Amino acid sequence: MAELARYAVSADGSRGRRHAEAGPAHRDEFQRDRDRIVHSTAFRRLEYKTQVFVNHEGDLFRTRLTHSLEVAQIARGIARALRVNEDLTEAIALAHDLGHTPFGHAGQDALDACMREHGGFEHNLQSLRTVDVLEQRYAAFDGLNLCFETREGILKHCSRTRAQELGDVGRRFVEGQRPSLEAQICNLADSIAYNNHDVDDGLRAGLLSIEQLEGIELFTRHVGEVRSAYPGLAGRRLIHETIRRMINALVCDVIETSAANITREQPDGLDAVRLAPPLVAFSSVLGREQAHLKRFLHEALYRHHQVLRTANKARRIITDLFAAFTSDPRLLPPQYQGGAPDSQERRVADYIAGMTDRYAIREHQKLFAVDLS
Ligand code: MG
């Protein structure tokens, strides 16, 4: 591995773990974090959680797991090119969606609505709660006991009030500072991954058409290049060749724009990165094009009537489960019944958020199907 830049986070300089542990052998602290995330239960559950399409709708659509792997691949590539910490970047990317509910954003919004009077539900906070508290694997502590820098990177958004309650890991939100470059990279890699794979999945599902996408500059430019280089190419191969070029263009743009920002600001360490404006960024042209693609996907895909129909069912399942479990907590598995310092509602939210799509569907059937035969 190339030598880390002085603005990178180094494992030796980590602010450490909440519970002191002996240092790892043959790997560094962030590699250990990455390994703990891959071995966690929450990580395996991502395989059966919706990204946009519910898991049983087709075998080739992205799930939260394949999404997280694509984010990690894109983020690592950017991190390596900018000579920041690739292992920390990978750990943050693999963990960034661990707190997601079943059924994608419809599930998150429904659970947030259920929790409105009880502190709300936000998947970034839940990802942190998953690695800090909910994973039960180690004898000496709850959670995965990850390093400060990994935990801070997982917490992508946070309100000021929440940040104050969280203490050191939320401090940057209170002080209006930026996170590490490694965390900034993961945020942009997340959007590069989902914008592009949602185009791919939307076309595969027949919910989007190439004709609709012709109005989107990023797509039009690259599909045009492919058509002139390979006249006659059509179908899936035309789409794949176009999307790979779109991803490559966005990744190269982030690397070049961020490298120029870093050269201009000359941050001499993490403290300087925190005080500088966001250094990992798209150029203004590609930033605009990427935002346009994102708006298009919101309208054409995420609000497609077929997607909304599934979202409506998902909302119903989450809302019904929440109502049943909060009105009679005895229906919950014992480990989710009460327990200071959390409210019963919070424990119900933890239980529901941890469910895979199909587990939630089965739980709903068990609780509400009236066929007793
Ligand atoms: Mg994501």
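When a ligand or atom number is given, it counts from 1 through the structure's own listing order. A quick note: this is a predicted structure, and the numbers were derived from the prediction, not measured.
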Q: Hey, can you tell me if H118 and F322 have their rings parallel, tilted or perpendicular (30° and 60° cut-offs)?
A: tilted
Q | Candidate list L218, I255, I74, test side chain to side chain contact (heavy atoms under 4.5 Å, CB included), partner L250, passing option | A | L218
Q: List the steps, then state whether side chain to side chain contact (heavy atoms under 4.5 Å, CB included) holds for S180 with E149.
A: CA-CA 8 Å; S180 65; E149 294 76 10; over 6 Å; no
**Q.** Nearby protein N/O/S atoms (those under 2.8 Å) for the Mg ion (ligand 1), with water ignored
**A.** H67 NE2, H96 NE2, D97 OD2, D190 OD1
Let me check something: any side-chain donor-acceptor pairs from residues 138-148 under 3.5 Å, sequence neighbours excluded? List them with distances.
unit_1 : atom_1 : unit_2 : atom_2 : d
N145   : OD1    : R18    : N      : 3.3
N145   : OD1    : H19    : N      : 3.0
N145   : ND2    : H19    : O      : 2.8
N145   : ND2    : E21    : OE2    : 2.7

Q) Just by distance, do the side chain of R178 and the backbone of G176 share a donor-acceptor pair under 3.5 Å? A) yes
Q: For residues G202 and L301, report the shortest heavy-atom separation together with the two atoms involved.
A: CA-CD1, 4.0 Å
